[in-house]
Protein chains: 2
Amino acid sequence: MFTLAEENYLKAIFHLENEFQGEISTNAIAESMETKPSSVTDMIQKLAEKKLLTYKRYKGVQLTGSGKKVAAGVIRKHRLWEVFLVEKLSFHWDEVHEIAEQLEHIQSEELIIRLDKFLGSPDFDPHGDPIPDKHGVLKRTEKKILSEIDKNQKGVCVGVKESSPEFLQYLDKKKISIGTKIYVLGKEFFDGSMIIQVGSEQFFISHKIAENLYVQTQE
Amino acid sequence: MFTLAEENYLKAIFHLENEFQGEISTNAIAESMETKPSSVTDMIQKLAEKKLLTYKRYKGVQLTGSGKKVAAGVIRKHRLWEVFLVEKLSFHWDEVHEIAEQLEHIQSEELIIRLDKFLGSPDFDPHGDPIPDKHGVLKRTEKKILSEIDKNQKGVCVGVKESSPEFLQYLDKKKISIGTKIYVLGKEFFDGSMIIQVGSEQFFISHKIAENLYVQTQE
DNA sequence: TTATATTTTTAGCCTTGTCTAAAAAAATTA
DNA sequence: TAATTTTTTTAGACAAGGCTAAAAATATAA
Ligand SMILES: [Mn+2]
Ligand SMILES: [Mn+2]
Ligand SMILES: [Mn+2]
Ligand SMILES: [Mn+2]
């Protein structure tokens, strides 16, 4: 179907489109993929020929319907495999991303149908990210970034924006995982840092931490 | 570690060494991999540089210790994944080979340790082939090819030499699977065909079928 | 032993995906 | 508006892994 490189480009552009609005720039793609802009230009020209995205020189790109579908399919596979690794093979949530980066490229429709069933058709991966359905549709949930929560409000952790091992291990140390209740006791407007309560512990977190945690507030 | 192409060459040569004695020829490798002899020459020269096999121009190749270890590792992964697909995802034994051809190249030591444990450290794959241990050691079992069994002898099917979907589907139709008892009621020396009994059914099989079935005789 | 056939290697080309260096376009600053 | 900086594209090169055609070595037949 599509090569490993093509799938990775489509996935990266899909993530960028969900994060920023409008056309995605060559440089943004290059940065997110840790590659050179000239390589990106080459590849997006090929993907444009295949109608997976629209491209006008110097104007950036935008995924077409089929481009989005391919990207969502890869992300679906990635997240299902992450669930498998955590739920069935007892991996820790900070260990699964690299392996899923490989597994997401295995080509077999039937495999994913059966893996999904075996896992009980999960809706979210171990980092709280939604798993696209077989048609590539991602259901959006209302979640807020912790840094946007006001003082004296509370929320439940429903996901992480970053999922690097370093960040996830920090959260482990602080006993924060998906489902953890977080109370915002104080908020410093100068640097965006917070005092929060998790369980019976109260501690300080930086803005960088707060902007990478998703929470749901109940109302 | 090694590229997909390198792993596939090493695996093919490993299988050829187990089937034939002595050096393996360029043409034999090309045929088994469905590629051209000139491509094989290119690759074996690279693998010789990496000390994965020994090579003298025009004289064929032989895997070194480390070449064998890499190959056995790939085969271990292939067969463990086949067990996973059949035991956990309920695939049929004729559907798993192609998917395992992809999964065998996933690079993660820890993944295989955990997959093996999850599957209960199986000794054989769904086709009756032994799974190399983590050191690459393949335990040999005494098994015979059905075509070598004499008239009026019986055996238990313990494996298949071919594992193409076509052959496996033929066996299904005849209700032959791993563990099935087979009685040799008659044997035609002219063409090697046989009359066998499986359960309460008696039927004819050609030499081509008989030489692709492994059985164990009890004595 | 010489001639022929087969096997293996080499030489040269192609595609994919990457890079660096230079050119071109767009955006920003003066 | 003109000059400068940034972004993007193009040109040309390279490595991996494949191919075809031709040359070289080995094996077989006469
Ligand atoms: Mn991930
Ligand atoms: Mn994830
Ligand atoms: Mn197989
Ligand atoms: Mn098998």
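A, B, ... follow the sequence lines: proteins, then strands. Residue 1 opens every chain.
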Practice task
Spell out yes or no: do the side chain of A:S38 and the base of C:dT20 have one donor N/O and one acceptor N/O closer than 3.5 Å?
Solution key: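 For A:S38, whose side chain was compared with the base of C:dT20, there is a donor-acceptor pair (under 3.5 Å).
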Exercise for the section: Answer yes if the side chains of A:K51 and A:S66 hold a donor-acceptor pair under 3.5 Å, and no otherwise. Expected result: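 A:S66 and A:K51 do not have a side-chain donor-acceptor pair below 3.5 Å.
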Exercise for the section: Taking atom types as modelled, find out whether B:N8 and B:H105 have a side-chain donor-acceptor pair closer than 3.5 angstrom. Expected result: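 There is such a pair between these side chains.
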Problem - A:R76, A:K11, A:K77 screened by salt bridge (Lys or Arg N to Asp or Glu O under 4.0 Å) with A:E104, the one that passes - result: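 For A:E104, the salt bridge (Lys or Arg N to Asp or Glu O under 4.0 Å) check succeeds only for A:K11.
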Handout entry: A:K50 and A:E6 ion-paired at < 4.0 Å
Key = yes
Checking contacts here: which listed nucleotide ([options]) is nearest the side-chain heavy atoms of [X]?
X	options	value
A:Y58	D:dA25, D:dT8, C:dC19	D:dT8
B:A5	D:dT10, D:dC19, D:dG17	D:dG17
B:Q45	C:dT10, D:dC19, D:dT8	C:dT10

Using atom [atom1] of [X] as one end and atom [atom2] of [N] as the other, report the distance to the nearest whole Å.
X	N	atom1	atom2	value
B:I44	D:dG17	CD1	P	15 Å
A:M33	C:dG17	CE	C1'	11 Å
A:R57	D:dT7	CZ	C1'	13 Å
A:K59	D:dT9	NZ	P	11 Å
A:D42	C:dT20	CG	P	13 Å
A:K36	D:dA13	NZ	C1'	16 Å
A:L47	C:dT16	CG	C1'	13 Å
B:I29	D:dG18	CD1	P	13 Å

Exercise for the section: Please state whether the rings of B:H78 and B:H97 are parallel, tilted or perpendicular, taking 30° and 60° as the class boundaries. Expected result: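 Tilted, since the angle between the ring planes falls between 30° and 60°.
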Distance test, side-chain N/O of [X] to OP1/OP2 of [N], below 4.0 Å:
X	N	result
B:N27	C:dT8	yes
B:T35	D:dG17	no
A:T41	D:dT10	no
B:Y9	D:dA16	no
B:S39	D:dC19	yes

Exercise for the section: Return the 5'-most residue of the pair B:S25, A:K46 with respect to DNA chain C, ranking by each residue's nearest nucleotide. Expected result: B:S25
Problem - 5′-ward residue of the pair A:L4/B:Y55 relative to DNA chain C - result: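 Of the two residues, B:Y55 wins.
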Problem - Sugar-phosphate only, base, or nothing, as touched by B:T26 at under 4.0 Å among non-hydrogen atoms - result: sugar-phosphate
